[in-house]
Amino acid sequence: MPYAHITGWGMAVPEKVLTNDDLSRMIDTNDEWIRDHTGIRERHIARENEFPSTLAVAAAIKALQVANLKPTDIDLIICSTSSPEHIFPATACLIQDQLGASRAGAFDLSAACTGFIFATNMAAQSIRSGSIKTALVIGAETLSRFVDWQDRNTCILFGDGAGAFVLQASDQPGGVLSAVMHSDGSGGDSLSLPAGGSRFPANEATIHEGKHYIHMDGRAVFRFATRVMGHAAKEALELAGLTTDDVQWIIPHQANYRIIETAAKYLKLPLDRFVINVDRYGNTSTASIPIATVEAIEKGLIKKGDKIVFVGFGAGLTWGALTADWTGPLPTERRVHPESYRTWARVRSWLLRVARLIEGLIWGRES
Ligand code: COA
């Protein structure tokens, strides 16, 4: 049975930064309150021409570069997102098209901030079963588009960004070792975006009632997160036959510094074994774990052979953890530059559109 190794990684965030002081000029809040209650100092916010797919493609190209793969090597793309560009088509399909990953099947996965863990596990299981060899897993969000900028309970928390992993099959032991996935739909109301789906399709009333914004019971979510996070990490470790002593790094979902502190206490681990960057990005939802991972790698913190626990929680309610034996890129001889495939991807995409148009005209004339 092949092993599923994480062989590539990349991240992208919008250029525009919104600091706590900027927020204090928009609503009744201040830098001290936000830092004390969340640990957040600033977050990146998408401009009008930035979308989950554009951030995802930028992150994916970097991940493919690290893995030394071209877009056409990918068998499967899973995009975890809670801010998809449309109800359908899936954001993953937009990414597939923009990348020119013509061989890949692509779909979105909706598990809120836990999504990247669920998606990485799904990709790893597809590799372990032998059904695919190479997967691109992406967490991409522009939740800023769904935030009520008048609601100081939520608008201070979220930021935009994307992170990507490449997973590849190898006979060498290692890679993803274990994962646990949990859900409790009875708590769904504590963090939701009620309208825009088929229960409350957009209309004047839903807009008037602000149902297209994120609604959150902050205290309930805080209690839930502190209850499940450390426990999920322990479960995944046990499943892999490991203990916290074997682990070099815990990479948690970056929602709130105080939640991470509580998880550290539960696991009896010092905070310096946790990768934390919530101060500079806020809560980028499903993108937060890969973004934190990429930063840790770029700082030289993560080394080949390190055991890592990824752990997250979010709306749904959902929570989960995944352990990995860090390997890095697989040995390969060729050098590829995935960026150079983008022009071809655009040309290919237009040619396919023209071909469909001509096909439609021919069929129309014949029928
Ligand atoms: N600036 C200033 N004051 C604020 C504020 C803000 N941005 N937001 C809330 N307050 C005020 C409240 O109105 C309240 O005032 P009151 O006591 O006069 O009524 C006071 O601060 C305390 O509010 P409370 O909601 O109890 O604060 P808290 O310590 O629970 O912190 C959160 C609020 C949202 C930061 C915290 O509950 C949290 O992080 N929850 C988890 C959220 C999360 O992670 N969501 C995403 C999950 S993926």
Side-chain angles (χ1 to χ4, degrees), residues 10-19 22-23 26 38 40 42-63 77-99 106-116 119 136-151 153-164 191-197 202 207 210-216 253-255 277-278 280-292 294-295 312 314-316:
M11 63 169 274
V13 289
E15 217 178 289
K16 184 179 159 193
V17 173
L18 188 72
T19 65
D22 294 333
L23 277 168
M26 295 158 57
T38 69
I40 300 168
E42 59 189 35
R43 68 289 288 144
H44 292 248
I45 301 293
R47 288 190 196 280
E48 267 175 29
N49 61 349
E50 288 175 305
F51 308 102
S53 72
T54 57
L55 295 170
V57 167
I61 284 173
K62 289 177 194 160
I77 299 173
I78 308 179
C79 178
S80 162
T81 182
S82 297
S83 44
E85 293 185 27
H86 318 282
I87 288 185
F88 57 83
T91 301
C93 293
L94 309 182
I95 297 166
Q96 183 260 350
D97 178 48
Q98 287 173 44
L99 273 178
F107 67 90
D108 284 1
L109 183 149
S110 168
C113 304
T114 324
F116 196 78
L136 176 65
V137 180
I138 301 166
E141 302 284 12
T142 53
L143 277 177
S144 63
R145 304 253 157 83
F146 300 103
V147 156
D148 177 356
W149 290 101
Q150 304 301 316
D151 175 11
N153 288 302
T154 51
C155 77
I156 57 157
L157 298 176
F158 297 99
D160 300 332
L191 184 52
S192 66
L193 203 160
I207 292 167
K211 284 189 171 162
H212 297 272
Y213 292 131
I214 295 171
H215 289 246
M216 184 182 75
H253 169 44
Q254 312 282 317
N277 64 4
V278 67
R280 283 170 297 116
Y281 298 101
N283 180 347
T284 56
S285 186
T286 187
S288 85
I289 287 177
I291 288 175
V294 172
E295 281 212 339

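What you are looking at is a predicted structure, and each value in this text was computed from that prediction instead of being measured. Below, each value reflects all heavy atoms present in this structure, side chains not excepted, and no hydrogens, waters or symmetry copies.
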Q: Determine, step by step, whether Ser144 and Asp160 satisfy the side-chain hydrogen bond (donor to acceptor under 3.5 Å, both in side chains) criterion, reporting the C-alpha distance in whole Å, the side-chain angles of both residues, the deciding distance to 0.1 Å, and the verdict.
A: CA-CA 7 Å; Ser144 63; Asp160 300 332; 2.6 Å; yes
Are side-chain heavy atoms of [X] and [Y] found at a separation under 4.5 Å?
X      : Y      : result
Val13  : Leu55  : no
Asn277 : Gln254 : yes
His86  : Leu94  : yes

Strictly distance-based, threshold 3.5 Å: is any side-chain N or O of [X] a donor or acceptor partner for the main-chain N or O of [Y]?
X      : Y      : result
Lys62  : Met11  : yes
Thr286 : Gly139 : no
Glu85  : Ser53  : yes
Thr284 : Gly159 : no
Asp108 : Thr91  : yes

(Q) Between Arg280 and Glu295, does any side-chain N to carboxylate O distance fall below 4.0 Å? (A)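 Yes, charged N to carboxylate O under 4.0 Å.
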Q. Got a second to check how far Leu18's CG is from Leu23's CG, nearest 0.5 Å?
A.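 The CG atom of Leu23 is 4.5 Å from CG of Leu18, to the nearest 0.5 Å.
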Q. Atom CD in Glu50, atom CZ in Arg145: separation rounded to 0.5 Å?
A.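 Going from the CD atom of Glu50 to the CZ atom of Arg145 covers 8.0 Å.
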Q. With sequence neighbours excluded, what pairs up with Thr19 under the side chain to side chain donor-acceptor pair (under 3.5 Å) test?
A.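 Only Asp22 meet the side chain to side chain donor-acceptor pair (under 3.5 Å) criterion with Thr19.
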Q.
Once ring-ring contact (aromatic ring centres under 6.0 Å, His included) is applied, do any residues pair with Phe158, and if so which ones, sequence neighbours excluded?
A.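 For Phe158 there are no ring-ring contact (aromatic ring centres under 6.0 Å, His included) partners, ignoring immediate neighbours.
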Q. Distance only, no hydrogens: is a donor on one side chain within 3.5 Å (strictly under) of an acceptor on the other, for Ser288 and His253?
A.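 Present: a donor and an acceptor within the cut-off.
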Q: Examine Tyr281 together with His44 and report whether their ring centres are nearer than 6.0 Å.
A: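 Ring centroids of Tyr281 and His44 are less than 6.0 Å from each other.
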(Q) Checking Ile78 against Phe107 for the side-chain contact (heavy atoms from CB on, under 4.5 Å) test, could you report, in this order, the C-alpha distance in whole Å, the side-chain angles of both residues, the deciding distance, and whether it holds? (A) CA-CA 5 Å; Ile78 308 179; Phe107 67 90; 3.7 Å; yes
Q. Considering the options Pro52, Ser80, Ser82, which one meets the side-chain contact (heavy atoms from CB on, under 4.5 Å) requirement together with Glu141?
A.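 Going through Pro52, Ser80, Ser82 one by one, the side-chain contact (heavy atoms from CB on, under 4.5 Å) with Glu141 is satisfied by Ser82 alone.
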